[in-house]
Structures are given as C-alpha cells and as structure tokens.
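Here's the structure, in structure tokens; my notes come after.
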Amino acid sequence: MAAIDVELKNVVKEFTARNREGITRAVDNVSLQIHQGEFFALLGPSGCGKTTTLRMIAGFEDSTAGEILIRGKAVQHVPPFHRPVNTVFQDYALFPHMTVLKNVMFGLEMEGVPRREAEQRAREALQLVRLPNVEDRKPRQLSGGQQQRVALARALVKRPVVLLLDEPLGALDLKLRQALQYELKAMQKSLGITFIFVTHDQEEAMTMADRIAVMDQGKVLQVGTPDEIYESPNSKFVADFIGETNFVQAEVAGVSGEWVDVRLDENCIVKAVTGDQSVSVGQKVTLALRPEKINLFPVKGVVEYEEGSTETTEEYMRSLLKVPNMNLIRGRVRQAIYIGTDTRYIIRIPGDQDVVARVQNFGLRSDTFFDDGQEVNLYWNGENTRILLQ
Amino acid sequence: MADQAAFVSRQAARQPFEINQRQVQLDLWVRRIGKIGLLLNPVFAYFFLWAPIIVLIVFSFNAGRSVSTWEGFSTQWYQNIFSNTIAGGTEAARFTTENMLGAVRNSVIVGVGSTLLSTIIGTMVALSLVRGRFPGKKIIDSLLYLPVVIPEITQAISLAIFFKVVFDFVKLQTGLNPTTGFGTIIIGHVAFSISYVAIVVRARLADMNPRLEEAARDLGANEWRTFWRITFPLILPGVIAGALLAFTLSLDDFVITFFTSGIGTSTLPLFVYGMLKTRVPPEINAISTLMLVASTVLVAISLGLQGRNAARR
Ligand SMILES: Nc1ncnc2c1ncn2[C@@H]1O[C@H](COP(=O)(O)OP(=O)(O)OP(=O)(O)O)[C@@H](O)[C@H]1O
Ligand SMILES: [Mg+2]
C-alpha cells in the first residue's frame, strides 16, 4: 500500500454562530487516510462540511479538535504558506491586477525563485494546462474554462505534495465540465500528485476519483472505491445520494450466513445480502435495489432472451429459477415513462409498494413496451438486494 | 379530483373579454401627467442646486461692481486679486495678494497634513472593520457614520472645548503654554475625515473577494507580503478616492477650522469670510469660483476612481 500523504484523525470543526443560535458542527469527528498519488473525492450535499474539511487541510481554518497530518507531520497551527499543499478555489481567485503569467509566477516569487527561472517554469505550467498565448492577458479577459486552467497552473507550478480542489468545475457548463473531468484525471495520473477533490456531483466523483468519501452533516458515512460505494452502500443516505435507488420495506424471514430471506408480504419472499450487519428473524428492514438491476418480461407469450432465440415465458421462468439466489416476482405497471435511452417503469409489487425499474431500449419502442396497468414479471439477482439498517 | 373538476368548470364559465374604453382613456391621461411630472422634477431640483453657483460664476466675470446687473465681460476681479488691489471699501486697506496666498498656503498645509493622517488611519479602520473579528464590531461600525451625521457646529464646539481642557491640563502639569494653530486645525480635520476615508475604503474592501488573500497565502505569501502584493494594490483606487475626498473636505471646511485655528493660521475660507464683514466685494466671486474649480476637479477624480472600482468588479 502506498504511503499516506494526508491523514485526518477525529477532526472536529465547530463554528460559533453570530446570532447566538449556538454552535454549528461543520465537521464532526472525521478520520480519513489519503494515499500518495491518489485521486480522492469528498462528496456530499451542500453544507455537509466539504469545504471546511478542505480549508483545514489547506490551513485556512484551525480544527476545534483532532489532528491533521501531512506526510506524517502534524500541521496544527502551521499557516498555509508553510504547508506543501496548494488550492484551486471554486471561483478561481485569480489576482485581477496581474497578468496570467504574473499570476502563475506569484507562488514561485514567494519562494524566492529567480525571475528568469520563475518565468520559464510558469510558461511550462501554462503549457501543461494547454493554455499558451494568453500570458499577457488579465484574468477578466479569459473565459471561465481558461480561468480554471490558469488557477490550476498557478497551483501546480508550486509542485505541491497535495493539490486541493474545491468544486473547480462547478461554474462551467456541462460539456466543458465533462471534457475537463477526463483531462484533469489524465493530468493527475501523469503527474502523480495527490488530488483531494471536493464536489457535490456524484457523477463527477465517480468519473474521476480513485476513492470517494461520502459526507453528510459533517460526518463521513462511507469511504471506498466508486464501485464499492455504488454496489455496497452502507446506509440509506449513501444509497440514495449515489445514483437512484428503490427502498423497499420488508421483514426478515430467515437468515443463513450472508444470505437472508426477506418477506414482502404473506406469499412473497425474496433473497437479499446483509453486508456485514447482523439481522434476526422478524426484524423490519429496508432493502436497497437499483432500478437498472431489475429485469422485466411479459406474463404471457414469448421472451427473446438472445438475438434470434426465443422461449415461452413459462420456459424462461423455469430456467431463471434454476439460477441460484434469483428473485422472481410479479408486479403491475402503474406508469411507464419513455426517456429515450431507457424506459422507466413504476411498478406496484407485493406488499403494496412501488419500485422503479429502468429498462434499456434495445429495440424499437413498440417491441418491448409494457403499458400502464399491464402485469409483468420482475427478476433480479439476490446479491443486488442489500439490507440497510441505517 | 373534485376540486380539479370545479376549477375546470369555472374556467369554462368565465366572462367574455371586453375593453372598458373610459377606464383606458383615464389611465392614459394619468400616465401622461406622470410623465410630464417626471420630466420637470429634475429640472426644478437642478435649478435649486446650480442656479446660485452659476450666478456666482457669471458675476465673477462682470465688468461692473454690481452683483445684480450684467455690465459686460471682464476678468478685472481675477486680475485684482493677483495684483494687490481690491476695489474700494474698508477691505481694500487690509487686502494684499500676499495675505491671500498665505491663506492658500495655510489651506494646503492643513489639507496635506490632515489628508495624510486621515488616509492612513481611515484605511486601517476600514481594514479592521472588514477583516477583523472582535466583540462590539457592529457598534463601532455604526459609530463610523457619526461625524457624517452630527452637525458640524456641534463637532466644532466640542473640539474647541476638548482642546481647551487638554491645554489647561498640559499647562497645569508642565507649565508649557500650548495654543491653537496648525496642529489643532489638522487634528480637527482628521477627526471628521477619518470617517469619510474609512467609508470609501471599506466599500472597496467589502467588494474584494477574501479568497484572493487566501490564495496568496496558499501560494506562499505571509500576511505582510499578502497585504502589499494583493490587498493594497486592489484597494488603492479606494484609498486614493478617500484621500482626495478628505483633501477636498479639508480645503472647503469653514466651521471646524474657525473654532480650532489660531493667529496666523487662517485658511482660505476663513480669509474670504474676513473680507465679507461689511459687504460683498466682487473679488470674492473670483476667489470663490477658483475654489469651486479646485474642489470640483478633486471630487471628479475621486468619483472617477470610485466608479472604476465598481466597473472592475
Ligand atoms: N465561517 C463560518 N462561520 C459559520 N459557519 C460556517 C462557516 N463556514 C461554514 N459554516 C457552516 O458549516 C457548514 C459546512 O459548510 P461548508 O462550506 O463546509 O459546506 P460544503 O459542504 O462545502 O457546502 P457547499 O457544497 O454548499 O459548498 C454549513 O452549515 C455552514 O453554514
Ligand atoms: Mg463548499
């Protein structure tokens, strides 16, 4: 395992409100280990404490309690200008009275790098972010995307141990944002600098990060790779925040190791996995099930399960039931919503609950479409049903 | 569901569309009157503002002594004030160009001194009000407007009493005998200019993104270098605007100067007032016009700099 660049140990940050309303706990007992060369994302909704966490690492805020270590050294009370980290601000914070080149050179000048060398290195940094030819412009003469690149060059030219980025793409339009996501990721890989990236956009975090910490109300709920977070969320909040999830209420009917039988109503039992939580028979639980994991086929007629191969629905059902841990239930379509690439079906399942199923539109719409009110069969693998206790 | 049905049926039953011509005509008339009123309003306002000043400027070029009848164009009053002569009257004996220029010099000494002091102090006040965090900041912040709000005569009298108390105390303790003069005038002017400077600089600072200072520190600049490389250049237009405002206020001030000046430290406004004792000699118009021009230029530069602040944002 790679060395640890940044470590947070039980870090707490409290703000005292001016209106005497009391204390806001912006960061609540956060512990993180960020590895060398890692692209680490802090993900969470607005106000969850992402920026505050980042500002404590940068040195703009002192923590109320806990410890922050950069390359193993405690940095409590060390001012920002003595920390080997640099920040790309959300609004870029380019110096408006300096040219682009002067902006990028600023950090080197502060280090006492001779002018000639500073200029040379600043030019290289601008080259790196693919922004030559604007050296003599003032920041306000640049587009948002260009300003973003200057901010990046200004921070990278310092060759920091860790680069902190606070929603650096937040102000850009969707197309540009996506292009820059790939570019930023590629740049991070080739430079090998540790990136800590703050965002409230789960897709952005999934696209770029090696690991993600999901935050809510100052707490880190889960840390993991994008697929760990997506496939095995440890809480309702994480499951809901990352992508779309159905939450189904059920009761535990039987437990055998990791596998659990859960009851939706008297005559409908499905299989689910517990993760590492322990449950007991009779316990009420919430199941999380992703809409795209659910497959649909008609109650009567034929199923085309492969290009050109068809089976009757009875045959198809029988072959499905041979697959271990396969869940197969019957439901009724309440509403079908066609959205181009997919169709979303809102389906009433046993236990009088609705789930959303998302079916990709392979063929023409008319071929595979289920109408409102139509009965359908739903199936999915039991390993995709996760039991959530919190 | 039932509500929806009721809404739909009510929609279907709505009245046919008709225009009430009388009402429309009436509204149109109201609008016309309003428009004329809006047009006339600034005309009146500007008339009151500018008419006396224009009269003053015009009659400073009058060939006759009268300030009510125009007798042709002349620059004789301007020539007079620069050539030691002043037309007749008791003032004539006392007036010399040298005296007047002495008063101008006094005004400049007081102006420069009080501007330097009030700009430095006012800028520091603005910095601590915007960036600092201390208890009672809200109260101190609103106290900043006090000199703008309280009557100048009140401030003048309080300063005069204050100096008297301090001087008596000093005399009692040390036996020295301090008197009013440049020192007291400058202190008096600084006392009211600080507020104006602080208000102008604070507006500039409040506009400034605090992330810029953080970015500088992040890039390796300590507080000292951050101030001189980032904060100061960015608030400089505001500081200059505040300084010009302070200088203009100092040049124009009469009341506070009157109560705090001593022998031989009369500023130009006091000098002009001294000439007015019995009647208004036409030379006054010429001096006043020159003062007006100087003040206007300074204020215009100050406003221009403040305007550039806003445009830069
Ligand atoms: N200087 C401050 N004084 C008082 N409260 C603050 C301060 N800074 C942040 N907070 C509070 O701390 C909490 C976390 O704020 P923070 O800016 O870290 O959130 P965030 O996750 O970055 O949100 P966003 O996505 O909106 O930027 C919020 O409730 C906020 O109101
Ligand atoms: Mg934030």
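Convention: sequence-line order gives letters A, B, ...; per-chain numbering from 1.
A:P96 approaches B:L212 most closely through the heavy-atom pair CD-CD1, 3.8 Å. Nearest approach of A:A93 to B:A215, heavy atoms of both residues: O-CB, 3.9 Å. Closest approach of A:F89 to B:E214, counting heavy atoms only: CE2-OE1, 3.8 Å.
At a heavy-atom cut-off of under 4.5 Å, chain B is reached by A:F60 from residues 60-74 of chain A, listed in order of number.
Counting heavy atoms of neighbouring residues, nucleotides and ligands inside a 6.0 Å radius, atom CZ of B:F162 does not exceed 12 of them. Other residues, nucleotides and ligands contribute over 12 non-hydrogen atoms within 6.0 Å of the NZ atom of A:K138. A 6.0 Å sphere centred on CZ of A:R159 holds no more than 12 heavy atoms belonging to other residues, nucleotides or ligands. Environment of OH in B:Y46: sparse, with no more than 12 heavy atoms of neighbouring residues, nucleotides or ligands closer than 6.0 Å.
The candidate from A:N86, A:V157, A:L164 with the greatest count of non-hydrogen atom pairs under 4.5 Å with chain B is A:N86. The residue among A:Q90, A:R154, A:M98 with the most heavy atom pairs within less than 4.5 Å of chain B is A:R154.
Heavy-atom distances place both the backbone and the side chain of B:N222 under 4.5 Å from chain A. If you measure heavy-atom distances from B:R225 to chain A, the contacts under 4.5 Å come from the side chain alone. With a threshold of 4.5 angstrom between heavy atoms, A:F95 approaches chain B through its backbone and through its side chain. Neither the backbone nor the side chain of A:R83 comes within contact range of chain B; no heavy atom of the residue lies under 4.5 Å from a heavy atom of that chain.
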Donor-acceptor pairs under 3.5 Å, side chain of residues 106-118 of chain A to any protein atom, not counting sequence neighbours: which ones?
| residue | atom | partner | partner atom | Å |
| --- | --- | --- | --- | --- |
| A:E109 | OE1 | B:R229 | NH1 | 3.0 |
| A:E111 | OE2 | A:K158 | NZ | 3.1 |
| A:E117 | OE2 | A:R121 | NH1 | 3.4 |

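Under the 4.5 Å side-chain criterion, counting only non-hydrogen atoms from C-beta, A:Y92 is not in contact with B:R211.
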